[in-house]
Structures are given as C-alpha cells and as structure tokens.
**Student:** 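Please find one structure pasted underneath; my questions will follow.
If you're wondering where the values come from, they're calculated on a predicted model, not measured in any experiment. Throughout, protein chains are lettered first and strands after them, A, B, ... in sequence-line order, and every chain is numbered starting at 1.
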There are 2 protein chains.
Amino acid sequence: MTPMTPTFHDRAEDLVQRTGARVTRQRVEVLAVLLAARRALSHHEIEGRVNRGAGMDRVTVYRVLEWLTSHHLAHKIAGDDRVWRFNAAGDEPERTHAHAHFKCNDCGEVICLDEATAARSVPLPSGFHPQEVELTVKGLCAGCAPAAAAQRRSRAHAQHRH
Amino acid sequence: MTPMTPTFHDRAEDLVQRTGARVTRQRVEVLAVLLAARRALSHHEIEGRVNRGAGMDRVTVYRVLEWLTSHHLAHKIAGDDRVWRFNAAGDEPERTHAHAHFKCNDCGEVICLDEATAARSVPLPSGFHPQEVELTVKGLCAGCAPAAAAQRRSRAHAQHRH
DNA sequence: GTTTTCGCGCAACTCTGTTGCATTAGAACT
DNA sequence: AGTTCTAATGCAACAGAGTTGCGCGAAAAC
Ligand SMILES: [Mn+2]
Ligand SMILES: [Mn+2]
Ligand SMILES: [Zn+2]
Ligand SMILES: [Zn+2]
C-alpha cells in the first residue's frame, strides 16, 4: 500500500516534526525519497519518484527542497549541467557540509564522498577571506567505467580494420 | 579608435590564427576581452564589453565561447548561480585546467588560483575512475571582506544600544 | 574574380527555476 | 468535534541562461 519503505517515511516524518514547523505530506514524502536514495537526486528524479504516490506540483517540490535545505535536512550540489542535486543531510554538525563529491562524466551521477575531508590551506591573494572549500572529483562511476573501456576497445578495432 | 588595447587584440588574433580555423572579428574580439580581464567573466559581461565595439549577437557570443573552450583557448567554470564564467586559458599543458578557483560569496566574482595545484589522492569507492579534480574556495574577496566586517560591526552596535 | 564552405544573425525554442495569488489544510484553541 | 488562524500548496504566468534551425554573408581556397 505505502509506496515507500515505512522506515524512511517514519524517519522523515520524525525529522520534519523536530523542526517545529508543519509536517505536511509533501515535506515528508520528499525527504523520504532523499533518505532512500544512495546518491544525489535532481529535481526531475525527485518529482518522478514522489509522483508514483499521490501527486505533487513541481513548484511544491522546488519549495520543499528549498525548505529542507534551509533547515539542514538536505543539502544541494551545483552540477555543471545547471541542475541542482539534493541529498538528505548526514549527521554532520549543522551547516558545515564539509565533504567532497564525485560526479560521473558519463551518466552525470553525483555521490557524496563522506570520508574525504577537503584539503584546506589553499594560498589566497592578500585580503581574501576563505569560508568554505568545495572539492569535486570528476571521472567515471563504477557503472560507466567498464562501458567506456569497452567502447574505446571497439573503436580501436574499427580503426584497425579500416 | 580601436576600443581594446592593441596588445590583447593582436595576441588574440594570433592565437585564433594558430588553430588553423577561420579568424573572424567575433572570435578575436571575444578572446581579446578574455585576455584583458583579470577574472572570469560571465556571458553577460563579455557581451557587454564586446558590444562597446561593433556589435555582436548574443548567440554568436555563446558559440564563440564554446569554440574557444573546445580549442583550449579558454576554459569555463560552473558557478552556483547557474552561470558559466570564462577566462582565457593560461599556458598550461593542453586540456588539464588543473588549478583551483576562488568565488566571492558576496559579489560573485570568480578568479583562478593558479598556484594551488588541487589536492589529489581522494579515496574513491572501488570501480570508480577519477579524471579531474575541481577545487573551489568560497569566501569574501578583498573588496567585499572589509564591507562585510563593517556591517557586522554596526549590527553589533545596534544590538548593544537596544 | 569566382566558388566554396564555415560562421553569423535572427527568431523561435527548451530547460530550470521563480513569483503572485487564490485555495487548502496543519495545528492550536476552545 | 468544531472553529479559527496562518503557513503551505496548486496553478498559471513569468524569468534567465543557453540551444537549435536556417538563410545569408564573408573568410579563405582556387
Ligand atoms: Mn554532499
Ligand atoms: Mn580557471
Ligand atoms: Zn556513470
Ligand atoms: Zn566580492
């Protein structure tokens, strides 16, 4: 009956509750989707997953994501495809988000690299005042790396034959 | 008469020439603007500066920037405001772009930190294949840091009086 | 000078995200 | 439970950044 594993739904409901603000179906559902995901999700992906259930306006999804972010229940990552990706916030001390990210150059998937504490101590011009450091590793994910290798192989074959 | 310092214009012309492709007024002008800038410029800024001269369609500016980037005469940086910023490529070995960037949280200005060679050796999940590392330091630039400090000061004063 | 073709200008379009406003529904208080 | 208050939702219209298609113009090759 319930479209989402109860655990995520319940955890989400609890987290929204604790903020003191209104706990709406929309907030709980979106947060549950984020909790269930093992990677950062775009607005499109979130909207798709959430609308297997009741249904929710796209604007509402945008507003809920903004709300979750401002209440530190989620954080967002800017992609080079001009799309924000979101994931549920871990148990980091409020407002840090001090971990690195990996972005696949092939499929666009984004994951958090929770262990990697970004390298501080970058030399800045005088007068500049650092606040946060953002570290993104780009490359091929486990799914795409073999495929890319195979493609390179077959291209080499083709050239050879020709 | 000529709106741009001749040096940049000539360097730009030479660089476009060397690619073997057609050297058009538009390519030369845009590249000259990038060479003259001490920071990364958005499409808007480039269009503005370029149109003090003859005049150029916005789509052409987009296409020229894409062309410059693909020929390694410029590189682009994704901002969290969903806007690309460009600057002329330095003398780095082709296609690396291995330096870090600084972005001001107040005015949005982006500069390249050429000395800072990004920290490699980020531990990845197995099967993942790294290709590039992107390092962005966010904070306040030399122009905005004093202003922000002054603002904090006056806010504290106000609270104190009250 | 003629021909070829690449690049430009213009208009229309797409995609991601925002804003305004009337309506709905949490939750607090009888 | 019913009433009230207000925050949040739904819908429609909008905005900004970048893209696409196509006819025309101007580099450069001949
Ligand atoms: Mn993250
Ligand atoms: Mn750079
Ligand atoms: Zn991938
Ligand atoms: Zn600044």
**Student:** Ignoring backbone atoms, test whether A/Arg27 places a side-chain nitrogen or oxygen under 4.0 Å from the OP1 or OP2 oxygen of D/dA8.
**Tutor:**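 Looking at the OP1 and OP2 atoms of D/dA8, one of them is under 4.0 Å from a side-chain N or O of A/Arg27.
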**Student:** Could you state the CG-C1' distance from A/Leu68 to D/dA8, rounded to the nearest angstrom?
**Tutor:** 13 Å
**Student:** With rounding to the nearest 0.5 Å, note down the distance linking CG in B/Leu34 to CZ in B/Phe8.
**Tutor:**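 The CZ atom of B/Phe8 is 11.0 Å from CG of B/Leu34, to the nearest 0.5 Å.
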**Student:** With distance as the sole test, does B/Asn51 use its side chain to make a donor-acceptor pair with the main-chain N or O of B/Met56 at under 3.5 Å?
**Tutor:**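 Side chain of B/Asn51 to backbone of B/Met56: a pair is present.
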**Student:** Rounded to the nearest Å, what distance is computed from the CG atom of residue B/Leu65 to the P atom of nucleotide D/dT19?
**Tutor:** 10 Å
**Student:** Start with the C-alpha distance between B/Lys138 and B/Asp80, add both sets of side-chain angles, then the distance that settles side chain to side chain contact (heavy atoms under 4.5 Å, CB included), and finish with yes or no.
**Tutor:** CA-CA 11 Å; B/Lys138 299 184 178 184; B/Asp80 49 6; 2.9 Å; yes
**Student:** If I take atom CD in residue B/Glu47 and atom C1' in nucleotide D/dA17, what distance separates them, rounded to the nearest angstrom?
**Tutor:** 11 Å
**Student:** How many whole angstroms separate atom CG of B/Asp81 from atom P of D/dG18?
**Tutor:**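 Whole-Å distance recorded here is 9 Å.
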**Student:** Atom NZ of A/Lys76 and atom P of C/dT16: how far apart are they, to the nearest Å?
**Tutor:** 16 Å
**Student:** In whole Å, what is the span from the NE2 atom of B/His44 to the C1' atom of D/dA15?
**Tutor:**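 Distance check: B/His44 NE2 to D/dA15 C1' gives 11 Å.
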**Student:** When you get a sec, tell me which of C/dG9, C/dT16, C/dT19 is the closest nucleotide to the side chain of A/Val59?
**Tutor:**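 Selected nucleotide: C/dT19.
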**Student:** Assess whether one donor atom and one acceptor atom, taken from the side chain of A/Arg82 and the base of C/dG17, lie less than 3.5 Å apart.
**Tutor:** no
**Student:** Report yes if at least one side-chain N or O of B/His43 is closer than 4.0 Å to OP1 or OP2 of D/dG18; otherwise report no.
**Tutor:**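 Checking B/His43 against D/dG18: no side-chain N or O falls below 4.0 Å of OP1 or OP2.
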**Student:** Determine yes or no for a side-chain-to-main-chain donor-acceptor pair under 3.5 angstrom, with B/Arg58 supplying the side chain and B/His43 the backbone.
**Tutor:** no
**Student:** With sequence neighbours left out, write down each residue that passes salt bridge (Lys or Arg N to Asp or Glu O under 4.0 Å) with A/Arg85, or none if nothing qualifies.
**Tutor:**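 So A/Arg85 forms a salt bridge (Lys or Arg N to Asp or Glu O under 4.0 Å) with A/Asp81.
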**Student:** Over how many whole Å does the gap from B/Tyr62 atom OH to C/dT14 atom P extend?
**Tutor:**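 From B/Tyr62 OH to C/dT14 P: 17 Å.
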**Student:** Heavy-atom count around A/Arg18 CZ within 6.0 Å, excluding the residue itself: above 12?
**Tutor:**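 Not buried by this count: 12 neighbours or fewer within 6.0 Å.
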**Student:** Please list, chain by chain and in numerical order, all residues satisfying salt bridge (Lys or Arg N to Asp or Glu O under 4.0 Å) with B/Glu45, sequence neighbours excluded.
**Tutor:**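 Once residues adjacent in sequence are excluded, the partners of B/Glu45 under the salt bridge (Lys or Arg N to Asp or Glu O under 4.0 Å) criterion are B/Arg39.
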**Student:** When you measure only distances, ignoring hydrogens and angles, does the side chain of B/Arg58 come within 3.5 Å of the base of D/dG16 through a donor and an acceptor?
**Tutor:**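 There is none.
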**Student:** Compare the minimum distances between each of D/dG10, C/dG9, C/dC8 and the side chain of A/Met56, then state the nucleotide with the smallest one.
**Tutor:**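 Among D/dG10, C/dG9, C/dC8, the one nearest the side chain of A/Met56 is D/dG10.
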**Student:** Show the distances under 3.5 angstrom between N or O atoms of the protein and N or O atoms of nucleotides 25-30 of chain C.
**Tutor:**
residue, atom, partner, partner atom, Å
C/dG26, N2, A/Arg22, NH2, 2.9
C/dA27, OP1, A/Val23, N, 2.8

**Student:** Round to a whole Å and report the spacing from CD of B/Glu66 to C1' of D/dT20.
**Tutor:** 12 Å
